*Asks:* 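Sharing a structure here in structure tokens format.
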Amino acid sequence: NSLIADECVIEGTVINSVIFRDVKIEKGAVVKNSIIMQDCEIQANSQLEYTITDKDVVIRENRKLFGYKLYPMVLAKGSVV
């Protein structure tokens with residue numbers, strides 16, 4: 001149940017999410033109920049749920065970011081977490 005744009009590299013798991021162009025989701029990463037804007041990188045073994053990222057965000061290895069359905073976590077453009 002996801003929408004994934006062209007030129008994405010998905011090696012992890014995407015569930016109920018919208019993924020924009022040129023996003024890289026590395027092996028072991030899980031993106032669930034989230035919106036990932038273009039040119040983002042979700043590194044290995046990270047977990048995102050109810051998260052909205054702006055452009056050029058990098059989520060480092062082994063990070064866990066969880067928002068809530070009515071109050072998602074929002075990351076600003078160019079953030080590195």
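Note that this is a predicted model, so its numbers are computed, not measured.
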*Asks:* Taking side chain as C-beta onward, heavy atoms only, is Asp22 less than 4.5 Å from Asp6?
*Replies:*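 SC-SC contact between Asp22 and Asp6 ruled out.
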
*Asks:* Verify, without hydrogens or angle tests, whether Glu26 (side chain) and Gln43 (backbone) share a donor-acceptor contact under 3.5 angstrom.
*Replies:*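 Such a contact is absent between Glu26 side chain and Gln43 backbone.
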
*Asks:* If hydrophobic clusters are built by linking Ile, Leu, Val, Met, Phe, Trp and Tyr wherever their side-chain heavy atoms come under 4.5 Å apart, do Val23 and Val58 end up in the same one?
*Replies:* no

*Asks:* Should Leu75 and Leu48 be counted in the same cluster of Ile, Leu, Val, Met, Phe, Trp and Tyr side chains packed under 4.5 Å apart?
*Replies:*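 Yes: a chain of side-chain contacts under 4.5 Å links Leu75 to Leu48.
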
*Asks:* Does any N or O in the side chain of Ser34 come within less than 3.5 Å of the main-chain N or O of Val31, such that one atom is a donor and the other an acceptor?
*Replies:* no

*Asks:* Can you see which heavy atom on Ile42 is nearest to which on Ala29, and at what distance?
*Replies:*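 In this case the closest contact between Ile42 and Ala29 is CG2-CB, 4.0 Å.
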
*Asks:* Identify the two heavy atoms, one from Asp54 and one from Lys77, that lie closest to each other, and give their separation to 0.1 Å.
*Replies:*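 Scanning both residues, the minimum pair turns out to be CB-N, 3.4 Å.
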
*Asks:* If you group Ile, Leu, Val, Met, Phe, Trp and Tyr by side-chain heavy-atom gaps below 4.5 Å, do Ile4 and Val30 land in one group?
*Replies:* no

*Asks:* Which value, rounded to the nearest 0.5 Å, describes the distance between Ile59 atom CD1 and Leu65 atom CG?
*Replies:*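 Here the interatomic distance stands at 5.0 Å.
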
*Asks:* Do the side chains of Val14 and Phe20 join up, straight or via other hydrophobic residues, at under 4.5 Å, putting them in one cluster?
*Replies:* no

*Asks:* OH of Tyr50 to CG of Asn16: how many Å apart, nearest 0.5 Å?
*Replies:*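 The CG atom of Asn16 is 8.0 Å from OH of Tyr50, to the nearest 0.5 Å.
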
*Asks:* Before you tell me yes or no, could you show the steps for Lys24 and Val9 under side chain to side chain contact (heavy atoms under 4.5 Å, CB included), namely the whole-Å CA-CA distance, both residues' side-chain angles and the distance that decides it to 0.1 Å?
*Replies:* CA-CA 5 Å; Lys24 182 176 182 183; Val9 176; 4.3 Å; yes

*Asks:* First locate atom OG of Ser17, then atom CD1 of Ile10, and finally report the distance between them rounded to the nearest 0.5 Å.
*Replies:* 9.5 Å

*Asks:* Could you grab the distance from atom OG of Ser46 to atom CD of Glu61, nearest 0.5 Å is fine?
*Replies:* 7.5 Å

*Asks:* Looking at every non-hydrogen atom in both residues, tell me the closest pair between Arg21 and Gln38 and how far apart they are.
*Replies:* NH2-OE1, 2.9 Å

*Asks:* Check salt bridge (charged side-chain N to carboxylate O under 4.0 Å, His left out) between Glu41 and all other residues, then give those that pass, not counting sequence neighbours.
*Replies:* none

*Asks:* Rounded at 0.5 Å granularity, tell me how far CD1 in Ile19 sits from OG1 in Thr53.
*Replies:* 8.0 Å

*Asks:* Between Ile36 and Met73, is there a shared hydrophobic cluster once you connect ILVMFWY residues whose side-chain heavy atoms come closer than 4.5 Å?
*Replies:* yes

